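The next block holds one structure in the form of structure tokens; read it before the comments.
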Amino acid sequence: MPPIVTIDGPSGTGKSTVTRSIADRFGLPFLDTGAFYRTATLAVLEAGVDPHDADAVVEVVRGVEIDQKAGMTFLDGRDVSERIREADVTGAVSAVSAHPEVRRMMVERQRAWVEEEGGSAVVEGRDIGSVVFPDAEVKVYLDARPEVRARRRAMERGEDPEAVANDLERRDRYDSTRAVSPLTVPDGAVVVDTSDLAFEEVVEAVSALVAAKS
Ligand code: DC
């Protein structure tokens with residue numbers, strides 16, 4: 001039985017690229033749950049709702065359909081893959097994803113997505129090995145030193161490294177201290193510090209873990 005592979009960790013650790021690469025290598029579907037939260041956030045912004053207003057946010061998120069296929073993300077059938085990477089969404093996503101009821105709905109939808117795909121997948125996020133799939137066969141936690149993460153993000157986006165470092169620090173603090181499902185190393189996860197590793201080395205390390213369980 002092909003496994004469920006969870007890949008958690010903060011941003012700038014290469015989670016998305018590693019996830020896609022592992023999924024490709026083992027012929028598994030992959031789910032980017034950050035994109036789910038970003039899409040919910042876009043729906044909230046488009047509805048003109050305050051991201052901190054729990055009741056209003058929950059009502060918006062309950063009423064929209066979020067889906068992902070082959071790495072593309074859809075809001076009510078519309079391709080929002082690019083739009084959800086823009087600064088307004090990035091700035092509001094921590095507030096939206098901190099509401100407990102939003103997380104409950106997202107967890108439910110993420111589990112249903114994997115079920116519909118046949119029960120095996122590579123799933124990346126912040127709470128996948130701890131909350132969404134605590135019984136996953138393979139759990140990985142990717143980490144990197146803060147300055148390395150900021151540099152990678154800035155290069156990826158062509159943005160000012162200092163502004164990126166400040167934004168990362170703010171989101172890290174928010175994501176790790178929120179009351180519900182804070183970012184944490186899941187029980188049983190293998191921690192890989194990617195700071196001084198080439199991308200291929202990270203993929204090799206994770207592949208070895210998956211191969212041992214397939
Ligand atoms: O990985 P990303 O930067 O696209 O994630 C966007 C935000 O969504 C991030 O600030 C934290 C949140 N998130 C979350 O709370 N739980 C997840 N499983 C995935 C992302």
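As the structure is a computational prediction, the values presented were derived from the model and not from experiment. In each ligand, atom 1 is the first atom listed, and ligand 1 is the first ligand listed.
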Side-chain donor-acceptor pairs under 3.5 Å in residues 55-63, sequence neighbours left out?
none

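Remark: Asp50 engages no residue in a side-chain hydrogen bond (donor to acceptor under 3.5 Å, both in side chains) (not counting sequence neighbours).
For the side chain to side chain donor-acceptor pair (under 3.5 Å) criterion with Thr194, the lone passing option out of Arg149, Glu201, Arg152 is Arg152.
Residue pairs meeting the side-chain hydrogen bond (donor to acceptor under 3.5 Å, both in side chains) criterion with at least one member in residues 8-23, sequence neighbours excluded: Ser16-Glu124.
Panel note: side chain Gln68, backbone Thr73; no donor-acceptor pair is recorded below 3.5 Å. Looking at Asp32, its side chain does come within 3.5 Å of a backbone N or O of Ala35 through a donor-acceptor pair.
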So what's ligand 1 close to, N/O to N/O, under 3.5 Å?
from	atom 1	to	atom 2	distance (Å)
ligand 1	1 (O)	Arg126	NH1	2.9
ligand 1	3 (O)	Arg38	NH2	3.2
ligand 1	3 (O)	Arg171	NH1	3.2
ligand 1	4 (O)	Arg38	NE	2.7
ligand 1	10 (O)	Arg171	NH1	2.9
ligand 1	10 (O)	Asp175	OD2	3.0
ligand 1	15 (O)	Arg103	NH1	2.8
ligand 1	15 (O)	Arg103	NH2	3.3
ligand 1	15 (O)	Arg178	NH1	3.0
ligand 1	15 (O)	Arg178	NH2	3.2
ligand 1	16 (N)	Arg103	NH2	3.0
ligand 1	18 (N)	Thr33	OG1	3.0
ligand 1	18 (N)	Arg126	N	3.1
ligand 1	18 (N)	Asp127	OD1	2.8

